Amino acid sequence: MSAQSSASRASPSSFIDEVIAATPGSDPHLDLCVQCGTCGGSCPSGPDMEHTPRQLFAMINAGMKEDVLRSNTPWYCVSCYYCMVRCPQDVHITDIMYSLKRMAIKEGMFQESTAADAPDFSETFIDFVEQYGRSFELGLATRYHLKHHPLGAVKMAGFGLGMLLRGRMDLTPTKIEGIAQLKTILARAKELGADSSKNGGGQ
Amino acid sequence: MKYGYYPGCSLERNAIAYHRSAMAVADALDIEFVEVDDWNCCGATEYISIDALPAYALVARNLALASQQKQNGNGNQLVAPCSACYLNLQKTNHYMADSPELAQQVNTALQAGGLNYDPGSVRVRHLLDILTQDVGYDAVAEKVTKPLYNLRIAPYYGCLIVRPGFDDTYHNPEYPTCLDELMRKLGATVVDYPVKTHCCGGHMTQISEPVALDLIRRLLKNAADYQADAIVTLCPMCQLNLDGYQEAVNKHFGTNYQIPILYFTQLMGLAFGIKPKKLGFGKEFVDARPALAKIEAEPPKKPKKRKRPPKEALPMPNLTEGM
């Protein structure tokens with residue numbers, strides 16, 4: 001993989017800068033981490049992560065790009081923000097996990113992690129949002145499970161039936177009126193995001 | 001009181017009970033929620049995992065529409081009942097205000113669709129905040145005609161309304177109390193629920209089921225330990241995980257939890273004397289009826305304080321002897 005060779009050459013300072021630049025909106029304070037470990041200790045899925053957030057941040061600092069982007073840690077983040085409110089240095093940990101997910105997808109490295117299916121769940125979800133403007137649970141569950149867990153899909157079918165019987169799931173997606181407008185906005189945003197990542201901004 | 005209303009995708013179908021009960025309660029309290037016309041999905045936790053700028057633009061379209069529709073008299077406050085929608089709207093609003101660069105890029109994207117959003121021009125609120133702060137506990141208590149005496153409630157806040165806490169509405173990101181207070185006003189008994197802001201796992205059920213089931217088990221076990229009759233929630237994702245996956249938890253861990261997971265607005269409606277059907281009861285996987293049957297007409301008697309230790313208690317050591 002060509003990404004690996006360029007990754008192995010990444011100097012320590014450049015990878016941390018890359019992660020910070022890929023986190024728009026607010027300064028994520030990643031460079032302020034003091035390695036106290038409060039994040040890992042607060043994390044509900046920490047025991048199932050290959051690296052605690054603290055370890056991951058040390059690895060980012062050391063420029064271990066490949067290992068970081070192959071880790072299952074960002075994908076096991078449940079976005080509960082416990083670490084973020086407890087961090088004494090106000091590191092925006094949850095936002096950084098999202099940045100690492102995006103970078104792992106871009107570099108194609110998530111495929112080797114133990115959470116290799118996770119990006120496809122997100123992508124299937126947003127496919128429906130981009131197409132209709134609303135999420136579509138039945139379509140998401142069907143497409144994702146048949147592709148990744150065909151055996152488990154039988155179990156999910158029972159759950160889905162329960163949802164349908166209770167009138168809690170639509171059989172068909174709902175499309176918003178301004179779908180053309182939304183598509184235009186999203187397309188423009190994607191262009192802008194790609195441009196700024198070329199200029200080192202990184203989305 | 002009039003507010004803009006952003007229901008979000010879940011309330012359209014999966015959390016229809018939440019939507020119906022919220023509307024019924026709003027009606028009883030003379031609140032008008034005006035739905036944002038042609039809103040789109042907030043992207044949940046998924047869009048931001050794939051692409052950042054479009055994820056913010058997706059949310060910003062809703063803020064722009066809400067801002068534009070202010071002239072309909074919606075005011076500048078936008079109410080989201082779903083925690084994930086609330087977080088995404090809050091985050092986009094705050095990050096656009098914090099970062100002129102992000103605001104400029106998002107607005108460039110919005111302008112391609114003929115929209116524009118001035119960061120911070122809409123104030124994002126959660127439904128719980130409206131009912132506890134704007135309406136207030138006393139006004140809620142006045143509407144109670146059928147108090148929920150003897151019903152033991154575990155108040156479950158979940159993550160995203162209290163954390164990261166963009167405007168410190170709930171004062172404590174780990175131990176908020178407003179839902180506790182609200183439930184007490186309905187006559188219910190609120191049990192201690194130490195895990196009240198722990199995570200239900202969000203979409204983890206789809207990524208790693210064992211990890212997700214353990215997170216859900218902790219929440220159920222804690223409520224069972226405190227003998228709660230029901231867990232009360234304010235988030236569609238939490239409701240779905242704890243309710244829809246309760247059977248899976250029981251199978252996986254050999255447990256037998258049967259704890260109904262109800263929206264706080266459903267219990268408000270019940271206490272206001274609104275018919276259960278209008279409040280979306282019956283949509284839950286774990287039947288709520290056995291729990292609701294425990295509601296009594298009279299308030300529970302407070303146990304008398306014992307002045308003397310009971311006779312069967314161990315004798316106190318007599319310190320004078322042998323000294």
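Chain identifiers are assigned alphabetically (A, B, ...) following the order of the sequence lines, protein sequences preceding nucleic acid strands; residue numbering begins at 1 within each chain. Keep in mind it's a predicted model, so treat the numbers as computed, not measured.
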Here the pair of heavy atoms bringing B:C199 nearest to A:V78 is SG-CG2, 3.5 Å

For A:G25 and B:L102, the nearest pair of non-hydrogen atoms, with its separation, is CA-CD2, 3.6 Å

Rounded at 0.5 Å granularity, tell me how far CD in A:E177 sits from CG in B:N40.
12.5 Å

Should we say atom NZ of B:K221 is surrounded by more than 12 heavy atoms from elsewhere, each under 6.0 Å from it?
no

One pair to check against side chain to side chain contact (heavy atoms under 4.5 Å, CB included): A:I105 and B:I50. What are the steps and the verdict?
CA-CA 7 Å; A:I105 291 173; B:I50 304 288; 3.5 Å; yes

Side chain, backbone, both or neither: which part of B:P173 has a non-hydrogen atom closer than 4.5 Å to chain A?
side chain

Would you please indicate yes or no on a ring centroid separation below 6.0 angstrom for A:Y98 and B:Y47?
no

Looking at A:G133, A:P74, A:P119, A:A180, which has the largest count of heavy-atom pairs under 4.5 Å with chain B?
A:G133

Side chain, backbone, both or neither: which part of B:L215 has an atom under 4.5 Å from a heavy atom of chain A?
side chain

Using heavy-atom distances under 4.5 Å, tell me whether A:M163 contacts chain B through its side chain, its backbone, both, or neither.
both

In terms of heavy-atom contacts, A:S26 and B:D98 come closest through OG-OD2, 4.1 Å

Toward chain B, the part of A:H92 with a non-hydrogen atom under 4.5 Å
side chain

When only pairs under 4.5 Å are counted, which of B:Y245, B:Y56, B:F285 shares the most heavy-atom pairs with chain A?
B:F285

Contacting region of B:L87 [heavy-atom separation from chain A under 4.5 Å]:
side chain

Please flag which part of A:I176 lies under 4.5 Å from any non-hydrogen atom of chain B: side chain, backbone, both or neither.
both

Judged by modelled atom types alone, do B:Y95 and A:D95 share a side-chain donor-acceptor pair under 3.5 Å?
yes

Note: vs chain A, highest number of non-hydrogen pairs under 4.5 angstrom among B:G201, B:A60, B:G202 is B:G201

Cut-off 4.5 Å, heavy atoms of chain B, and the answer for A:F136 is neither

Backbone of B:W39 reached by a side-chain donor or acceptor of A:R134 within 3.5 Å
yes

Shorter than 4.5 Å, heavy atoms on both sides: which option in A:V129, A:D27, A:D170, A:D48 has the most such pairs with chain B?
A:D170

Contacting moiety of B:E12, where chain A heavy atoms sit under 4.5 Å:
side chain

Looking at B:I48, B:L115, B:V211, B:I207, which has the largest count of heavy-atom pairs under 4.5 Å with chain A?
B:I48

Worked verdict on A:K190 versus B:L53 for side chain to side chain contact (heavy atoms under 4.5 Å, CB included):
CA-CA 7 Å; A:K190 281 179 194 176; B:L53 199 53; over 6 Å; no

Max heavy-atom pairs within cutoff under 4.5 Å with chain A, candidates B:R218, B:M96, B:H198, goes to B:H198

Taking only residues two or more places apart in sequence or in another chain, which ones pass salt bridge (charged side-chain N to carboxylate O under 4.0 Å, His left out) with B:D118?
none

Atom of B:P54, atom of A:A189 and distance for their closest heavy-atom approach
CA-CB, 3.6 Å

Please round to the nearest 0.5 Å and tell me the distance separating atom CZ of B:R163 and atom SG of A:C80.
5.5 Å

For A:E137, which atoms come within 4.5 Å of any heavy atom of chain B: side chain, backbone, both, or neither?
side chain

Under 3.5 Å: donor-acceptor pair, side chain of A:K101, backbone of B:S49:
no

Pairing of B:E174 and A:R86 as salt bridge, 4.0 angstrom limit:
yes

Bottom line for A:E191: the part with an atom under 4.5 Å from chain B's heavy atoms is neither

Heaviest contributor of heavy-atom pairs below 4.5 Å to chain B, chosen from A:Y82, A:W75, A:F159, is A:Y82

A:S122 and B:E46: which non-hydrogen atoms are nearest, and at how many Å?
OG-OE1, 2.7 Å

CG of B:D38 to NZ of A:K175: how many Å apart, nearest 0.5 Å?
12.0 Å

Going from OG1 on A:T94 to CG on B:L160, what distance comes out if it is rounded to the nearest 0.5 angstrom?
9.5 Å

Closest non-hydrogen atom pair, B:P164 against A:M84:
CB-CE, 4.1 Å

Between CD1 of A:I185 and OG1 of B:T108, what distance do you get to the nearest 0.5 Å?
12.0 Å

What distance separates A:R188 CZ from B:Q111 CD, expressed to the nearest 0.5 Å?
9.5 Å

Do A:Y144 side-chain atoms and B:Q206 backbone N/O form a donor-acceptor pair below 3.5 Å?
yes

Checking side-chain polar atoms at under 3.5 Å, does B:R61 have a donor or acceptor matched by the opposite partner on A:Q181?
yes

Top residue by heavy-atom pair count (under 4.5 Å) with chain B, among A:T184, A:T174, A:L182, A:L165?
A:L182

B:T92, B:L65, B:D37, B:L240: which one forms the most heavy-atom pairs within less than 4.5 Å of chain A?
B:L240

Once salt bridge (charged side-chain N to carboxylate O under 4.0 Å, His left out) is applied, do any residues pair with B:R217, and if so which ones, sequence neighbours excluded?
B:D214

For each of A:G167, A:S79, A:A187, A:A118, tally heavy-atom pairs with chain B at distances under 4.5 Å, and name the one with the top tally.
A:G167

Chain B contact via A:D117 - side chain, backbone, both or neither, heavy atoms under 4.5 Å
neither

Taking the six-membered ring where the residue is Trp, are the ring centres of B:H203 and A:F125 under 6.0 Å apart?
no

Salt bridge A:R168-B:D243, side-chain N to carboxylate O under 4.0 Å:
yes

